[in-house]
Amino acid sequence: MPRKMQIRAFKEGEEEKLQQISRSRIASQRAVERAQIVLLFSVGKRVEDIAQAVGRTQATVYRQVHQFNDRGLACVEDLPREGRPLVYDEQFVEKRAPS
């Protein structure tokens with residue numbers, strides 16, 4: 001029988017920082033969702049319920065808990081991606097800006 005997944009114990013200040021991010025109005029939506037996933041899992045919510053609450057799949061919930069166990073608070077931020085970052089010239093930005 002597979003082992004039940006567990007979350008590691010919070011280090012000093014991690015839970016408070018996750019609470020702050022989960023309620024933030026200026027953090028990215030991804031960061032807010034990730035913080036909410038970790039917090040809900042830490043209080044014993046079922047994976048199915050967490051996935052439904054944040055609008056993600058169960059696989060995403062498991063992945064985020066693994067990320068928290070491995071990376072700590074850094075799990076709420078996006079990992080660097082390969083490839084060249086997008087670059088927009090001033091003309092493109094001016095054309096796209098609302099008048």
Side-chain angles (χ1 to χ4, degrees):
M1 190 162 127
R3 269 185 31 201
K4 184 178 178 187
M5 185 174 181
Q6 295 187 355
I7 194 165
R8 69 168 174 77
F10 290 125
K11 294 179 183 174
E12 185 177 332
E14 283 184 331
E15 186 173 13
E16 292 81 20
K17 183 66 175 170
L18 286 169
Q19 290 282 356
Q20 182 183 23
I21 293 169
S22 73
R23 293 186 307 263
S24 176
R25 293 182 179 268
I26 59 173
S28 72
Q29 181 63 30
R30 288 182 188 161
V32 171
E33 284 178 358
R34 292 170 182 167
Q36 289 173 345
I37 289 170
V38 171
L39 289 169
L40 290 170
F41 194 88
S42 72
V43 296
K45 295 285 186 188
R46 294 178 44 228
V47 172
E48 297 84 9
D49 296 337
I50 297 170
Q52 187 175 13
V54 296
R56 299 290 174 213
T57 64
Q58 292 178 29
T60 300
V61 174
Y62 283 118
R63 187 173 38 254
Q64 283 310 125
V65 173
H66 279 294
Q67 287 291 316
F68 176 76
N69 287 341
D70 294 342
R71 298 174 47 217
L73 283 177
C75 75
V76 299
E77 300 301 325
D78 288 333
L79 290 172
R81 297 175 186 243
E82 292 185 17
R84 184 171 183 244
L86 295 175
V87 179
Y88 297 108
D89 61 1
E90 288 181 32
Q91 289 178 338
F92 180 79
V93 172
E94 288 173 4
K95 283 191 341 188
R96 299 295 295 180
S99 299

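FYI, the numbering just counts along the sequence from 1. Excluded from the calculations below are hydrogen atoms, water molecules and symmetry mates; all remaining heavy atoms, backbone and side chain alike, are included.
- Looking at T60 and R63, their side chains come closer than 4.5 Å, going by heavy atoms from C-beta outward.
- In the hydrophobic clustering of ILVMFWY residues, with side-chain heavy atoms under 4.5 Å counting as a link, V32 and V54 come out apart.
- With sequence neighbours excluded, the residues that form a side chain to side chain contact (heavy atoms under 4.5 Å, CB included) with L73 are E14, K17, L18.
- Counting non-hydrogen atoms of neighbouring residues, nucleotides and ligands closer than 6.0 angstrom, the CD atom of Q58 exceeds 12 such neighbours.
- Aromatic ring centres of Y62 and F41: separated by at least 6.0 Å.
- For Q6, the CD atom counts as loosely surrounded, since its 6.0 Å shell holds 12 or fewer non-hydrogen atoms of other residues, nucleotides or ligands.
- Remark: Q67 engages R71 in a side-chain hydrogen bond (donor to acceptor under 3.5 Å, both in side chains) (not counting sequence neighbours).
- A distance-only check finds no donor-acceptor pair linking the side chain of S24 to the backbone of I21 [under 3.5 Å].
- Among the candidates E33, R34, R30, Q36, the single residue satisfying the side-chain contact (heavy atoms from CB on, under 4.5 Å) test with V76 is R34.
- The minimum heavy-atom distance linking L39 with S22 is given by the pair CD1-OG, 3.7 Å.
- The minimum heavy-atom distance between C75 and V38, with the atom names listed, is SG-CG2, 4.3 Å.
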